[in-house]
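All chains are named by letter (A, B, ...) in the order of the sequence lines, taking the proteins before the strands, and each is independently numbered beginning at 1.
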Number of protein chains: 2
Amino acid sequence: MDSFPEIAKNSETIIRMPTVRRLPRYLRLLIELKSEGKDFVSSEKIAQALDLKPIVVRKDLAFTGNCGKPRLGYSIEHLIISIENVINFRGKDTAFLAGVGNLGSALLGYKGFEKYGLNIAAAFDLDKEKVNKTVHNKDVYPLEMLPVLAARLHPYIGILCVPEESAQEVVEKMVSCGIKGIWNFSNKELKVPADVVLQNEDLAAGLAVLSISIDKKSKAPVQ
Amino acid sequence: MDSFPEIAKNSETIIRMPTVRRLPRYLRLLIELKSEGKDFVSSEKIAQALDLKPIVVRKDLAFTGNCGKPRLGYSIEHLIISIENVINFRGKDTAFLAGVGNLGSALLGYKGFEKYGLNIAAAFDLDKEKVNKTVHNKDVYPLEMLPVLAARLHPYIGILCVPEESAQEVVEKMVSCGIKGIWNFSNKELKVPADVVLQNEDLAAGLAVLSISIDKKSKAPVQ
DNA sequence: TATATATCGATATTTTAGTATCGAAAAATA
DNA sequence: TATTTTTCGATACTAAAATATCGATATATA
């Protein structure tokens, strides 16, 4: 009856966001372990390396449909494949980036994205000084060319690094070109249609957490 | 008996992290509303602007020790002050930044940090080409000078933008100089002493969430 | 001044995330 | 081959976060 015995029976159907956020960390560790020639790893070892609890690791990995082996742990090879399948499900996601300022340029130069299935196919800017050049080997086009290039390259994801004033306008352009997800690095609260996903990266949020955590720790009676 | 009637009696003592992450969003909105000349705002209005539910807003704001007025909502002025008090509690937090690559430079140029109480006092790099220059008006020093400058400037926060290979080494240098919080933009899993706070900013986590959310939405039966 | 209405905030409930426990299973060892 | 040991994964439990309900209250309106 069960044609996939190596898939955990109880592997939960809906993956949870805290788990999703940890998957890249597992992936990085596993790739490192593989390069060291290791074949198996236990949830205990993973937990130690990533400062998590073993039970969290086991629950997370259950979502990827993996089966660990008693006394051995998980097959590193299999884990890498199944995590990559979860994160990187559509192969290389074609993305457009708008706003080649400091942060936009930094993202264009970030080598890690391809590992996670993201391919920034083109960059756009309003500034005449910045267009028709390349930044980190990525072509920068004037914003007007977005529809034309979108028709050719079919981007899924739009990475938004423009100033707040133009953010909503640029998003609407992206959405009308068929982009299905907006990765928003501006601090503008954007409105997108219901079928478009909006992922806000708020640096200030991380900073606020850090500040308050420092405060808490300094006041904590015992560590 | 109650000497602070304007402070909510039930204002919870321990603030929660999801709330902390939303505070900068409230703050940005409130500052905008104030600049428009508004005096009061309701949780309903805030929720609409930030795509939250009113009840979430009310619970979050309760943590800041604020009191809303029936039929009017919250005093924008008071809210701004109390949120700033929570986030920005030590005045301007002095920070050091290490690694003046693409991302490090982008962060040095980010104007928003001062709003949240962060002052990047100095930047450091190992690369001889990069040191003894300024990037976005911030001085870049050789890494060896970190202890000397730390003794003078007493940084609380270390912002880490160095390559993975040198991340642990740089962190240890920072920690030994008395830095109490590490804001880690490298993808290295760092070890820090128990009294130091580590805040990891993992771009891949955001990307994974975005990818999977797009997938979910495209499969969702009805929106 | 009396009444209607909008909005807060306390309490209770539900959902989600994380943690504990322990039996089962497979590899290692005797 | 039998036994021991390690590690998983199912179930149960606890904690955290989000959501629902509704009475209280201050403002606006009649």
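- The side chain to side chain contact (heavy atoms under 4.5 Å, CB included) search around B:Lys38 returns B:Leu33, B:Glu36, B:Ile76, not counting sequence neighbours.
- Rounded to whole Å, the distance from CG on B:Asp60 to P on D:dA16 is 16 Å.
- A:Arg21 pairs by the side chain to side chain contact (heavy atoms under 4.5 Å, CB included) definition with A:Gln199, B:Ala205, B:Val209, not counting sequence neighbours.
- The side chain to side chain donor-acceptor pair (under 3.5 Å) check on B:Arg58 picks up B:Ser43, with sequence neighbours excluded.
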Query raised in the report: Which letter, B, S or -, goes with each nucleotide of nucleotides 20-30 of chain D from 5' to 3', with contact meaning a protein heavy atom under 4.0 Å?
Result: BB---BSBS--
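- For A:Tyr74, there are no ring-ring contact (aromatic ring centres under 6.0 Å, His included) partners, not counting sequence neighbours.
- Protein atom CZ of B:Arg16 is 7 Å distant from nucleotide atom P of D:dA18, rounded to whole Å.
- By the side chain to side chain contact (heavy atoms under 4.5 Å, CB included) test, A:Lys69 pairs with A:Phe40, A:Leu72, sequence neighbours left out.
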Return all side-chain donor-acceptor pairs below 3.5 angstrom for residues 100-111 of chain B, not counting sequence neighbours, or 'none' if the list is empty.
unit_1, atom_1, unit_2, atom_2, d
B:Asn102, OD1, A:His136, NE2, 3.1
B:Asn102, ND2, A:His136, NE2, 3.4
B:Ser105, OG, B:Gly101, O, 2.6
B:Tyr110, OH, A:Asn187, ND2, 2.5

**Report entry** Full working for side-chain hydrogen bond (donor to acceptor under 3.5 Å, both in side chains) between A:Thr94 and A:Asn119
**Finding:** CA-CA 5 Å; A:Thr94 303; A:Asn119 168 38; 4.6 Å; no
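- We find that CD1 of A:Ile15 is positioned 16 Å from C1' of C:dG18, with the value rounded to whole Å.
- Remark: B:Arg22 engages B:Asp60 in a salt bridge (charged side-chain N to carboxylate O under 4.0 Å, His left out) (not counting sequence neighbours).
- Near DNA chain D, defined here as any heavy-atom distance below 4.0 Å, there are no residues from residues 73-82 of chain B.
- Shown for residues 36-49 of chain B: residues whose heavy atoms fall under 4.0 angstrom of DNA chain C, namely B:Ser42, B:Ser43.
- Atom-to-atom, CE of B:Met17 to P of C:dG18 comes out at 14 Å; the value is rounded to the nearest Å.
- Among residues two or more places apart in sequence or in another chain, the side chain to side chain contact (heavy atoms under 4.5 Å, CB included) test is passed with A:Leu50 by A:Arg25, A:Tyr26, A:Leu29, A:Ile46, A:Leu52, B:Glu189.
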Name each donor-acceptor pair under 3.5 Å that joins a side chain in residues 168-178 of chain A to protein atoms two or more places apart or in another chain, with its distance.
unit_1, atom_1, unit_2, atom_2, d
A:Gln168, OE1, A:Lys191, N, 3.0
A:Gln168, NE2, A:Glu172, OE2, 2.8
A:Gln168, NE2, A:Lys191, O, 3.0
A:Ser176, OG, A:Glu172, O, 3.3
A:Ser176, OG, A:Lys173, O, 2.8

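- Residue A:Arg22 is classed as a sugar-phosphate contact, given heavy-atom separations below 4.0 Å to backbone atoms only.
- A:Phe185 approaches B:Leu203 most closely through the heavy-atom pair CE2-CD2, 3.7 Å.
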